[in-house]
Trainee: 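Structure incoming, see below.
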Amino acid sequence: GAVVSQHPSWVICKSGTSVKIECRSLDFQATTMFWYRQFPKQSLMLMATSNEGSKATYEQGVEKDKFLINHASLTLSTLTVTSAHPEDSSFYICSAHTLLSYEQYFGPGTRLTVT
Amino acid sequence: GIQVEQSPPDLILQEGANSTLRCNFSDSVNNLQWFHQNPWGQLINLFYIPSGTKQNGRLSATTVATERYSLLYISSSQTTDSGVYFCAVELNSGYALNFGKGTSLLVTP
């Protein structure tokens with residue numbers, strides 16, 4: 001089946017620093033990847049849609065200058081949380097479409113803690 | 001945007017019991033998926049089911065697209081079935097999934 005990986009699986013950083021999270025489709029090409037955020041005991045909320053070779057589309061209320069997304073290839077998208085604050089602490093999950101079906105596959109998530 | 005409502009929000013079952021989880025959505029959809037989120041946060045694909053009925057072992061799902069609802073059946077539940085079950089829909093191909101709030105299931109021995 002289609003496999004999506006994320007790295008790192010968890011990260012702790014100090015307030016004011018930046019953190020990069022990678023999302024890779026391991027056995028398929030993904031022209032579109034999605035980034036979600038999940039707070040404890042809540043559902044997944046879409047942050048942005050990432051298209052290979054073009055600028056990401058951000059959801060209302062998501063600061064594009066704070067959450068930088070780069071989709072440089074058909075198998076890799078990155079999310080950089082810049083100048084992180086404690087309120088950015090959350091579980092970040094990426095997903096990708098395969099080109100062969102409408103089904104979406106999710107990465108295992110990255111747990112970010114900002115101290 | 002499209003509304004996705006799941007019920008019940010919480011469910012406690014004894015091992016061996018059966019259960020039905022429901023997902024209502026407010027518009028016609030191109031895609032509907034059921035996921036199980038395990039205790040480590042990983043979303044596991046259960047079914048891609050924009051319409052019709054599918055079965056996979058003890059799990060089955062039915063989507064009635066014309067009436068805008070989907071059901072997930074869990075039979076002979078096991079403690080490993082515990083976790084949160086999400087229904088998510090996609091309005092059009094290539095768009096992101098809209099998630100319901102989930103059903104939190106606890107199966108006790």
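Numbered from 1 within each chain, the chains take letters A, B, ... in sequence-line order.
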Trainee: Please flag which part of A/Leu44 lies under 4.5 Å from any non-hydrogen atom of chain B: side chain, backbone, both or neither.
Mentor: both
Trainee: Can you give me the closest heavy-atom contact between B/Phe86 and A/Gln38, atom names plus distance?
Mentor: CZ-NE2, 3.8 Å
Trainee: Is there a path from A/Val62 to A/Ile21 through hydrophobic residues (I, L, V, M, F, W, Y) whose side chains come within less than 4.5 Å of each other?
Mentor: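 Yes; A/Ile21 is reachable from A/Val62 via cluster members.
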Trainee: What residue, out of A/Gly109, A/Gly107, A/Ser95, has the most heavy-atom pairs lying under 4.5 Å from chain B?
Mentor: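 So the answer, after comparing A/Gly109, A/Gly107, A/Ser95, is A/Gly107.
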Trainee: Has the side chain of B/Asn31 got a donor or acceptor atom that lies under 3.5 Å from a matching backbone atom of A/Glu103?
Mentor: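 Here the side-chain-to-backbone pair does not exist.
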Trainee: Is there a path of hydrophobic side-chain contacts, each under 4.5 Å between heavy atoms, that joins B/Tyr48 and A/Tyr105?
Mentor: no
Trainee: Return the minimal non-hydrogen interatomic distance between A/Ser43 and B/Phe99, and the atom names on each side.
Mentor: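 Scanning both residues, the minimum pair turns out to be OG-CB, 3.3 Å.
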Trainee: Can you tell me which portion of A/Gln42 sits under 4.5 Å from chain B's heavy atoms? Options are side chain, backbone, both or neither.
Mentor: backbone
Trainee: With a 6.0 Å cut-off (strictly less than), is the heavy-atom count around NZ of A/Lys66, excluding the residue itself, greater than 12?
Mentor: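 Yes, the 6.0 Å shell around NZ holds more than 12 heavy atoms from other groups.
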Trainee: Specify the closest pair of heavy atoms between A/Tyr36 and B/Leu97, including all atoms of both residues, with the distance to one decimal.
Mentor: OH-N, 3.0 Å
Trainee: Check each atom of A/Phe106 against the heavy atoms of chain B and say whether the ones under 4.5 Å are side chain, backbone, both or neither.
Mentor: both
Trainee: Is the number of heavy atoms from other residues, nucleotides or ligands under 6.0 Å of B/Gln14 CD greater than 12?
Mentor: no
Trainee: Tell me if the CD atom of B/Gln55 is crowded by more than 12 foreign heavy atoms within 6.0 Å.
Mentor: yes
Trainee: Is there a path of hydrophobic side-chain contacts, each under 4.5 Å between heavy atoms of I/L/V/M/F/W/Y residues, joining A/Leu79 to A/Met45?
Mentor: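 Not linked; separate clusters.
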Trainee: Which atom names give the shortest non-hydrogen contact between A/Phe91 and B/Gly41, and what distance separates them?
Mentor: CE2-O, 3.5 Å
Trainee: Quick check: are there more than 12 heavy atoms from other residues, nucleotides or ligands sitting under 6.0 Å from CD1 of B/Ile44?
Mentor: yes
